[in-house]
Amino acid sequence: MSKKVNNEMKKTAQKSKKHQLERKILTMLAFFSISSGLWLNFQQLWLEDNGYLPSEISTLTSVANLFAVGAIILVGWKLKPVSLQKFMTGVLVVRLLNSLAQFGLNGSGQTMLINVCTIIGIVTNYTIVASVYPLLTAVAKSNKIYSKRKLVEYLFRDVGVFIGGLLIGQSMSFFVINYNICLAVSMIFLVFAIIMMFGIKINSTATSSKPQQSAFKYIRKSKLHSLYMVYAFLASTSFATTFGLKMLILTNLLDFSASTATNYLLIAGLAGDILGMIALKYFTPKNDYITMTLKFGIRLGAYIIAVFADNPFIFLLALTWALLSETAYEDVSDGHYINLVDNQHQLGYNTVKHVMNYLGEATGVLFCGAMYNFGLGAILGCTIAVMIVQIGVAYYLIYLRHHRRAVRHSASRSRYNERMVGD
């Protein structure tokens, strides 16, 4: 009896430790997301203040995304899961030093150094985002946790936007808070993220020395996983085509002030986070085709209406719905596929997935920059073309997943019947 009690106590202690680690990782992500949201919201305007044109910002962002792809491939190829926590801590420190350099370069006219710092900032941002869920899977893995991780990222990114909206343009003593001061404030939250990261200790059981190579083989063997990577590319491309230069679109094409644009993105983002949480808990249809239509089909329809209406208010409504639906149903659109992967391949698989995301984002930002001078109608028209293909792939993925489940169920039933006959 005492042995059973001891085993239960050990299980309870292990469960409690896992919850603590999960909370620490999500808290680190929260601080990082505040820092990231605060700075990235103003980065395009900061570059514009430093003499960059929208087309130059678009090109620089796309190049930075391509560098991020290269960095993530290198990390996924060489990094062992057991080293993930130390690696992420190092990346956070590099990001902090790079932010300090950017702060000092404001108004300097050192275009080359600003380009380098911008690229490093984007690369480190995406590297951390790509590494969080593989770190979490060493503690727990489920569709719900995947959605929770995404919601924490989105929610606290919006908190960063909120802080930026409160600060920008305010007068304090003898100076007005500008984009550079917002960068300094973002560094404070980055320091908190680093402190939290030092406190995370995880003993990974994964032993693969080449997770990236293993993941490529793993993905190639599965039609479902191969097609999911295509979907990840298209989803990122379509969203980045619309929102790749969002602050420039809002301030220059829709005549918002920087403060109004920030408040708009904040309100839409927070409302989207709330809708995402409500959808996850109370309103996820059992039919996945309906779920995917709610997430992407309505967005596509809104874009089409906006293009034909050619009205700034209708454009704004379409953009608002896209932001509201961004965080909803991540468990269905991504979580199902991510969590089909075993822990041994999780780091490598997530690496490939984020590579496809960032390649899509780089492509979308280039599309956005190319269409920018033609207006919002051209930007949304380009997005529509990508989204039609994206939604088709999403529906086919659902079909494959359901078919896979049905085949497995049928095989299990056959084995059960054979045992019954044998008995």
Taking side-chain contact (heavy atoms from CB on, under 4.5 Å) as the criterion, tell me which of T363, T383, L366 meets it with T241.
T383
From the options L96, L92, V93, select the one residue that forms a side-chain contact (heavy atoms from CB on, under 4.5 Å) with V191.
L96
4.5 Å side-chain heavy-atom contact, [X] and [Y]:
| X | Y | value |
| --- | --- | --- |
| C368 | T242 | no |
| I25 | E22 | no |
| L45 | D49 | no |
| T293 | Y395 | yes |
| Q102 | N106 | no |
| N373 | P54 | no |
| L253 | Y372 | yes |
| M196 | L29 | no |

So which heavy atom on [X] is nearest to which on [Y], and how close?
| X | Y | answer |
| --- | --- | --- |
| K295 | S325 | NZ-O, 3.1 Å |
| N65 | Y358 | CB-O, 3.8 Å |
| S58 | G369 | OG-CA, 3.4 Å |
| F103 | N180 | O-ND2, 3.0 Å |
| G244 | Q44 | O-NE2, 2.8 Å |
| M88 | I128 | O-CD1, 3.6 Å |

Here's a test for you: under ring-ring contact (aromatic ring centres under 6.0 Å, His included), which of Y337, Y349, Y231 qualifies with H225?
Y349
Please report the interatomic distance [atom1]([X]) to [atom2]([Y]), rounded to the nearest 0.5 Å.
| X | Y | atom1 | atom2 | result |
| --- | --- | --- | --- | --- |
| L227 | L397 | CG | CG | 4.5 Å |
| M292 | N287 | CE | CG | 10.5 Å |
| E48 | T251 | CD | OG1 | 6.0 Å |
| I388 | L234 | CD1 | CG | 12.0 Å |
| M387 | C382 | CE | SG | 12.5 Å |
| I122 | Q43 | CD1 | CD | 5.0 Å |

Assess whether atom [atom1] of [X] is packed by more than 12 heavy atoms of other residues, nucleotides or ligands within 6.0 Å.
| X | atom1 | result |
| --- | --- | --- |
| F162 | CZ | no |
| Y289 | OH | yes |
| F67 | CZ | no |

I'd like to know if E153 pairs up with R157 as an ion pair, taking the criterion as any Lys NZ or Arg NE/NH1/NH2 lying under 4.0 Å from an Asp or Glu carboxylate oxygen.
no
Do [X] side-chain atoms and [Y] backbone N/O form a donor-acceptor pair below 3.5 Å?
| X | Y | result |
| --- | --- | --- |
| N357 | A232 | yes |
| S33 | F156 | no |
| S62 | A362 | yes |
| S238 | A235 | yes |
| S226 | I219 | yes |
| Q85 | I200 | yes |
| R95 | G121 | yes |
| N50 | G107 | yes |
| S35 | S186 | yes |

Considering only residues two or more places apart or on different chains, which pairs with a residue in residues 31-65 satisfy ring pair (Phe, Tyr, Trp, His ring centres under 6.0 Å)?
F31-F192, W39-W46, F42-Y179
Regarding N41 and T262, do their side chains bring together a donor and an acceptor under 3.5 Å, going by distance alone?
yes
Compute whether any side-chain donor of one residue and acceptor of the other, for S222 and Y228, lie under 3.5 angstrom apart.
no
Passes side-chain hydrogen bond (donor to acceptor under 3.5 Å, both in side chains), T260 versus S257? Steps please.
CA-CA 5 Å; T260 303; S257 67; 2.8 Å; yes
After noting the C-alpha distance and the side-chain angles of V355 and M229, does the key distance pass the side-chain contact (heavy atoms from CB on, under 4.5 Å) rule?
CA-CA 9 Å; V355 163; M229 294 302 167; over 6 Å; no
Would you check, one step at a time, whether the test side-chain contact (heavy atoms from CB on, under 4.5 Å) holds for M247 with L265?
CA-CA 9 Å; M247 284 298 284; L265 290 172; 3.5 Å; yes
Test side-chain contact (heavy atoms from CB on, under 4.5 Å) applied to L254 and L319, step by step
CA-CA 12 Å; L254 291 176; L319 295 177; 4.2 Å; yes
Take L359 and L66 through the test side-chain contact (heavy atoms from CB on, under 4.5 Å) and record every step on the way to the result.
CA-CA 7 Å; L359 282 174; L66 293 176; 3.7 Å; yes
